[in-house]
Structures are given as structure tokens and as C-alpha cells.
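Below is one structure, written out as C-alpha cells, with a few remarks after it.
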Amino acid sequence: MGEIRKRRVVVTGLGAVTPIGNTVEEFWSAVREGKCGIGEITKFDTSEYKVKLAAEIKDFTAKEHMDAKAARRMELFSQYAVAAAKEAMEDAGLDMEKEDPFRVGVIVGSGIGSIQVVEKEYKKILDKGPGRVAPLTVPLMISNMAAGNVAIQLGCKGKCTSMTTACATGTHSIGDAFRAIQYADADVMFAGGTESALTPTAVAGFMNLTALTTSADPKRASIPFDKDRSGFVMGEGAGVVVLEELEHAKQRGAKIYAEVTGYGATCDAYHITSPAEDGIGAAKAMTLAMEEAGVKPEEVDYINAHGTSTHHNDLYETRAIRLALKDAADNVTVNSTKSMVGHLLGAAGAVEFIVCVKSIEDGFIHQTIGTKEADEECDLNYAIKAPIEKEVRCAFSNSLGFGGHNATILVKKYEE
């Protein structure tokens, strides 16, 4: 059997709900201004918590994105995903009445689904007994419901799956959707990640793992690669993109933002929370993405790093970039969007992929805000002092998740 010819895949639609803007336009304009979306946690009482800060979504009204009855049957993580998917669909100018619905699929993941429902319903069991648990508890809670709800709301009847790889979820989802189109499982895919886990249990769990910063200064809390970094800041939100087979996009006259050309996925097989110290797993993911894309290290203009602001991640990711790019690492611009929006967990990779696409479109690489002085061992160009305006022809986004999951998605300026 001869080699299967992979089909070309382009990005035609973007949608986002983030702590610094509930549409891509608002989000990107805030990114360009270097806005910080971090503030005091308002979702629950943190008086007994050492951690006081998070990057919360502001002014989100579900009824503006779906009818009230549908909204009541969705938890926040699903609502954010549906809002982002609808924006991406509109942005792509996709008319489902003109599509074969079985050729349009969805891969939208979440790290955890709804912890809120678990907390609320378990309290009912303790206080009033199991007979009082809501009948919709399970369909509200389970993490695949973001993908299910997106498909229901948009009428997508093709491949519909959900990816869960902790903080690598968004990137893996886009990578798997890219594969689905390459190998003709679908012509159009809605892909991305969503998360809303700012709950007492999740914050306490990360806090007691010492993964979160206890900084009380929003501007110095999420400071990736900084010598004073002390942990990440939890965020919430969603990113969903429309990926499309090139000829399909051209036939309907779609606007093409960029082309996805490479995807790498590996595992450290090392530790449940810490990345491998030598960065070899993450480096291999980057190398696989570059090899598939036919890109040499010196051709990479920009890397949107996982850059969580934890000691281990930033150091080991820096080593991984050096391992993958070798001498070319000195000339690449690296930044971390988490400096503005915190860590969106399952949604992080999807929102950061959108940043890569917009950076290609605008020739603009945002500043890693908050970060003042890089750690001695973090020795790359992290766009610390100011944003950088330069042509971006090739970019990739890295995501690393608990469990040792590594994902890299590579995107290039579209050329015929």
C-alpha cells in the first residue's frame, strides 16, 4: 500500500472567552495592550486560603450565546465552549445548511468538566440525602459534554470526541482535529479546549500541591521565566477554532488565517506532576512537529511557550526548546500568554494557538508582562521588556500536562 497523501489543513475561524475579553477581537486587543486579567478570587470565600488570586471570566452572560433553556442544561465549561464555537463558526462564515453535517466534527476537551456540580450535589447528599441529587448531575458534570453541547448547538454530526490531557488538552484537541482532516475523517473540525475550575476543591488541591503562587500582587503573580516566579495562577475560559481542508475552504471562499502544518505529541513517562528535567519529551514533540511541517529550527520565528510561572516548568521547557532548536534557539522569540490570562488549564493550548494565528496575521509578538528579570537558567528571548513587531511566518505553541503529556502544534503563514 502506497503512502497516504495527507490533505492540507487551514484555520478559517477563531473564537475565545478569556479573562481579558469574551471575544477574539476583545481578547487580542487586550493582548496587544498587555492587559492583565488577574485579580482577587470572587467565586468563593478565600479567607482560609493562602491563594487569593485567579484570572476569572468577567461579564459573561450565557443567554447572549444560547437560549435560556439550553444554558440551564450546561455548566460554565460547556457554556464557554459553546460561546467560543459559535464565534468561530460566525468568523469562518460557515453555513451548516450548505455542509454535509457528517463531514463536520468537534474535538473540544476539558481537563476536569464541572467540579462545581460535584461539590454542590455531594453537599446535598451530606445535608439531605441522595434523593435530593439533581437528575442532570452526570450530564452536567462529565467533561465530554463541552464537545457534545457544541455539536448539538451547531448541528455537527461528524466525528465528535473529547480529549483530556490536563494542561495539554487544548493543543492535543487541535492536533487530533488536524489529523482527522488530514486523513479525510472530516472536512471541517471545531477544535479546542474549555475550563472553569475555580472552585474550593480545585484551588485547595493545587494550593496544597504548592503549584499555585501565593503572591497578592496581580501584576507580579503570573511571571513566567522570572527569577522570582513562585507558581501559576489559575484561569478559566475557552478557545475554539475552525480547521478546514484547504480545497473545501477555497471552494466556499473562506478567509484563510494560516495553515497548520505540524503536530507532535509525546510523553515524558517520568513523573505525575513534574516535567522531565532534561526536557527531552517536550523537545521531541517540537522536533516531530517541525519534521512533519518540513521546517528547520532556524525557520521558527516564534514560540508560544507553555510558560506557567512554576519553577520546574519554565526551567525544563527552556531546556527543551534549546534541545529542539539547538543554536537557532538564540534567535527565536518566546513568550507566555499566561502572563496575562493565567493558566486556563484544558483551554490554555487552544487560546494560545489563537495567539499564534493572530501573531502571524499581525506580525506582532506580545510581551510577557509582569516578568522583569529572567532566571539565570532561563536564557532565551522571552519578550520581557516590550512587545516585538516582526514578520511571523512560522510559529508553534507548546503545552505540557500533568501525567507527562507534551504537545506542540505548528502553524505557518498560508501560501498557495
Side-chain angles (χ1 to χ4, degrees), residues 3-15 24 84-85 88-89 91-94 96 99-109 147 150 154 156 158-161 163 168-193 239-265 285-286 288-295 299-300 304 349-361 392-399 407-416:
E3 192 188 344
I4 299 168
R5 187 168 163 271
K6 291 182 193 169
R7 307 191 309 164
R8 290 176 73 183
V9 181
V10 292
V11 184
T12 57
L14 308 173
V24 170
M89 184 181 207
D91 186 38
L94 196 70
M96 283 303 291
E99 299 295 328
D100 172 353
F102 289 100
R103 301 292 300 159
V104 182
V106 179
I107 303 180
V108 175
V150 166
L154 304 186
C156 309
K159 178 178 196 155
C160 181
T161 62
M163 165 68 68
T169 297
T171 303
H172 277 135
S173 297
I174 294 170
D176 281 8
F178 166 57
R179 288 277 181 265
I181 296 171
Q182 278 183 314
Y183 291 111
D185 283 352
D187 296 324
V188 181
M189 292 294 293
F190 287 84
V240 177
V241 299
V242 176
L243 300 187
E244 199 165 340
E245 191 268 324
L246 175 60
E247 294 309 319
H248 184 281
K250 280 163 122 176
Q251 267 166 7
R252 63 178 195 88
K255 173 188 171 176
I256 294 173
Y257 279 104
E259 181 173 6
V260 183
T261 54
Y263 170 46
M286 293 179 235
L288 288 170
M290 289 188 288
E291 282 173 357
E292 181 181 14
V295 162
E299 292 174 280
V300 178
N304 188 300
V351 168
E352 290 155 12
F353 174 85
I354 290 169
V355 171
C356 287
V357 170
K358 294 298 282 183
S359 297
I360 287 171
E361 185 181 42
V392 179
R393 301 186 63 77
C394 174
F396 63 69
S397 174
N398 285 337
S399 293
T408 297
I409 194 105
L410 191 144
V411 62
K412 287 174 81 172
K413 189 168 274 200
Y414 168 68
E415 286 165 352
E416 285 288 340

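- With sequence neighbours left out, the salt bridge (charged side-chain N to carboxylate O under 4.0 Å, His left out) criterion links E245 to no other residue.
- Applying the side-chain hydrogen bond (donor to acceptor under 3.5 Å, both in side chains) test to E244 and every residue at least two apart in sequence or in another chain returns T12, H248, R252.
- Residues satisfying the side-chain hydrogen bond (donor to acceptor under 3.5 Å, both in side chains) criterion with D185, sequence neighbours excluded, are K159.
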For this session: Start with the C-alpha gap between M96 and M89, add the side-chain angles, then the distance that decides, and say whether side-chain contact (heavy atoms from CB on, under 4.5 Å) holds.
Result: CA-CA 9 Å; M96 283 303 291; M89 184 181 207; 3.1 Å; yes
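- With contacts defined as side-chain heavy-atom distances shorter than 4.5 Å, the pair D176/T161 does not qualify.
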For this session: Evaluate side-chain contact (heavy atoms from CB on, under 4.5 Å) for V242 paired with D91, printing each intermediate quantity in order.
Result: CA-CA 9 Å; V242 176; D91 186 38; over 6 Å; no
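- Under the side-chain contact (heavy atoms from CB on, under 4.5 Å) rule, I354 has a single partner from L14, N304, I174, which is L14.
- Applying the salt bridge (charged side-chain N to carboxylate O under 4.0 Å, His left out) rule to D187 yields the partners R7, R103; only residues at least two apart in sequence or on another chain are considered.
- For S397, there are no side-chain hydrogen bond (donor to acceptor under 3.5 Å, both in side chains) partners, not counting sequence neighbours.
- By the side chain to side chain contact (heavy atoms under 4.5 Å, CB included) test, L288 is found to be paired with T266, K284, E291, residues two or more places apart in sequence or in another chain being considered.
- Between A293 and K412 the shortest heavy-atom distance is O-NZ, 4.2 Å.
- At least one side-chain heavy atom of L410 sits less than 4.5 Å from a side-chain heavy atom of C394.
- Scored by the side chain to side chain contact (heavy atoms under 4.5 Å, CB included) test, R8 finds L246, E259, Y414 as partners (sequence neighbours excluded).
- For the side-chain contact (heavy atoms from CB on, under 4.5 Å) with F178, the lone residue among I107, V9, T261 that qualifies is V9.
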For this session: Could you please spell out the steps behind the side-chain contact (heavy atoms from CB on, under 4.5 Å) verdict for Q182 and Y263?
Result: CA-CA 11 Å; Q182 278 183 314; Y263 170 46; over 6 Å; no
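- For T408, the side chain to side chain contact (heavy atoms under 4.5 Å, CB included) partners at least two apart in sequence or on another chain are A285, M286, A289, F396, N398.
- Evaluation of the side chain to side chain contact (heavy atoms under 4.5 Å, CB included) rule for C160 yields V106, A147, A151 as partners, not counting sequence neighbours.
- In terms of heavy-atom proximity, G349 sits nearest to S399 at CA-OG, 3.6 Å.
- Residues passing the salt bridge (charged side-chain N to carboxylate O under 4.0 Å, His left out) test with K250, sequence neighbours excluded: E247, E416.
- Within the 4.5 Å cutoff, no side-chain heavy atoms of V241 are placed close to those of Y257.
- The nearest pair of heavy atoms linking C156 to V104 is CB-O, 3.5 Å.
- Not counting sequence neighbours, the partners of R393 by the salt bridge (charged side-chain N to carboxylate O under 4.0 Å, His left out) test are E391, E415.
- With sequence neighbours excluded, no residue forms a side-chain hydrogen bond (donor to acceptor under 3.5 Å, both in side chains) with S359.
- Across G109 and S173, no two heavy atoms sit closer than the pair N-OG, 3.6 Å.
- Between A254 and A92, the shortest heavy-atom contact is CB-O, 4.5 Å.
- For G15 against A88, the heavy-atom pair with the smallest separation is N-CB, 3.7 Å.
- Looking at heavy atoms from C-beta onward, I360 lies in side-chain contact with V411 at the 4.5 angstrom threshold.
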